[in-house]
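What follows is a set of notes on a single structure, which appears directly below.
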There are 2 protein chains.
Amino acid sequence: MKTEDHSFLKSETIENVSRIFKVLADPTRIKILYLLSQEECNVNHIAEVLEMSQSAVSHQLSMLRNLRLVKYRREGKTLFYSCDDEHVISLLKQAIDHAEHH
Amino acid sequence: MKTEDHSFLKSETIENVSRIFKVLADPTRIKILYLLSQEECNVNHIAEVLEMSQSAVSHQLSMLRNLRLVKYRREGKTLFYSCDDEHVISLLKQAIDHAEHH
DNA sequence: CATACATATGGACATATGCTCATATATAAT
DNA sequence: ATTATATATGAGCATATGTCCATATGTATG
């Protein structure tokens with residue numbers, strides 16, 4: 001196989017792929033996304049369930065929002081977050097499956 | 001849905017999932033793994049094709065070796081690396097697909 | 001308008017990560 | 001043994017990341 005025969009990835013593609021996996025590479029975000037894949041949650045609920053500070057959760061949600069991986073709806077003072085990217089959840093669940101069954 | 005109804009992830013699972021995605025989160029490793037998914041390569045070839053230093057490539061291969069994502073065979077002075085985890089390659093290719101077709 | 005509650009955000013700090021540089025190891029050939 | 005080639009590795013450094021702390025913003029209620 002010669003060098004010319006490679007199918008190279010566009011650097012834009014590489015950056016996007018990297019971005020997806022970076023999100024999924026942090027234990028906290030894994031927990032948040034997995035939780036949200038099961039049910040819509042408000043911020044304090046996430047913080048309590050995952051035993052994290054409100055601030056830490058909010059910072060992570062901010063990131064997930066910017067990347068369009070979660071969305072939210074408001075109900076009074078409360079924001080309910082939920083998943084907004086089925087494909088990323090699919091990647092996550094596959095990895096979980098793989099990790100659990102070794 | 002009550003807190004008790006959640007199916008929680010074991011912390012060991014979370015760590016393993018995180019480990020998988022951390023590997024895939026770096027552009028350099030994405031390129032290396034994608035290249036190796038196409039053909040078996042020796043270290044210098046990888047360095048040339050990806051325009052990286054031999055040292056940088058070798059460090060990354062060391063990591064990928066420790067995580068059993070790549071294997072190698074020796075031919076004289078030369079080491080030929082190839083992929084050794086089909087599941088991780090599958091995750092990578094899905095993400096590439098997703099990133100390319102937006 | 002004052003207060004309380006829910007969430008967001010900016011700055012600081014500690015840790016992790018990936019690269020470079022220099023050097024070590026391994027193998028082959030002379 | 002000496003030299004050349006291929007790869008590995010340790011130390012150091014610059015950048016990125018995730019959390020805490022303090023504070024700001026937004027919304028409802030009295």
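So that the names make sense, note that chain A is the first sequence line, chain B the second, and so on, each numbered from 1.
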Using residues 58-66 of chain B as the side-chain source, report each donor-acceptor pair under 3.5 Å to any protein atom, sequence neighbours left out, with the distance given to one decimal.
residue: B:Q60; atom: OE1; partner: B:R29; partner atom: NH1; Å: 2.9
residue: B:R65; atom: NE; partner: B:Y81; partner atom: OH; Å: 3.1
residue: B:N66; atom: ND2; partner: B:S62; partner atom: O; Å: 3.2

Would you please name every residue forming a side-chain hydrogen bond (donor to acceptor under 3.5 Å, both in side chains) with B:S53, sequence neighbours left out?
-> none
By side-chain hydrogen bond (donor to acceptor under 3.5 Å, both in side chains), B:K22 pairs with (sequence neighbours left out) B:S18
With sequence neighbours excluded, give me every side chain to side chain donor-acceptor pair (under 3.5 Å) pair touching residues 71-80 of chain B.
-> B:E40-B:R73, B:R73-B:E75
Are side-chain N/O atoms of B:S11 and B:E15 paired as donor and acceptor at under 3.5 Å?
-> no
When all nucleic acid strands are considered with a 4.0 Å heavy-atom cut-off, which category describes A:F80: base, sugar-phosphate, or nothing?
-> nothing
Heavy-atom contacts under 4.0 Å between residues 13-26 of chain B and DNA chain D, which residues?
-> none
B:E48: side-chain contact (heavy atoms from CB on, under 4.5 Å) partners, not counting sequence neighbours | B:N44
Donor-acceptor pair under 3.5 Å: do we get one between A:Q54's side chain and the base of C:dA8?
-> yes
Reading nucleotides 25-30 of chain D 5' to 3', which nucleotides get B (base under 4.0 Å from a protein heavy atom), which S (sugar-phosphate only), which -?
-> -SBS--
Using the test side-chain hydrogen bond (donor to acceptor under 3.5 Å, both in side chains), find all partners of A:S37 that sit at least two apart in sequence or belong to another chain.
-> none
Taken to the nearest whole Å, CD/B:E48 to C1'/D:dT5 is 13 Å
Just call it for A:S53: base, sugar-phosphate, or nothing, with non-hydrogen atoms closer than 4.0 Å on any strand.
-> sugar-phosphate
Using the salt bridge (charged side-chain N to carboxylate O under 4.0 Å, His left out) rule, collect all pairs that involve residues 85-102 of chain B, keeping only residues at least two apart or in two chains.
-> none
Tell whether B:S55 reaches the base of C:dC21 with its side chain through a donor-acceptor pair below 3.5 angstrom.
-> yes
Those residues that, when tested against B:A99, pass side-chain contact (heavy atoms from CB on, under 4.5 Å) (two or more places apart) = A:T13, A:N16, A:V17
If you group Ile, Leu, Val, Met, Phe, Trp and Tyr by side-chain heavy-atom gaps below 4.5 Å, do A:M52 and A:F80 land in one group?
-> no
Could you state the interatomic distance from CG (B:L50) to CD1 (B:I30), rounded to the nearest 0.5 Å?
-> 12.0 Å
Rounded to the Å, how far apart are B:R73 CZ and D:dT7 C1'?
-> 16 Å
For DNA chain C, the residues among residues 56-64 of chain B that have a non-hydrogen atom under 4.0 Å from it | B:A56, B:H59, B:Q60
Which part of the nucleic acid does B:Y81 contact within heavy-atom distance under 4.0 Å: base, sugar-phosphate only, or nothing?
-> sugar-phosphate
Using a cut-off of strictly less than 4.0 Å, decide whether B:N44 has a side-chain nitrogen or oxygen near OP1 or OP2 of D:dT7.
-> yes
Nucleotide D:dG10, atom C1' - distance to CG of B:N66 in whole Å = 15 Å
Selected nucleotide, minimal atom distance to B:M52 side chain, candidates C:dA8, D:dT7, C:dC19 | C:dC19
Can you find a side chain N or O atom of B:R29 that sits less than 4.0 Å from OP1 or OP2 on C:dG18?
-> yes
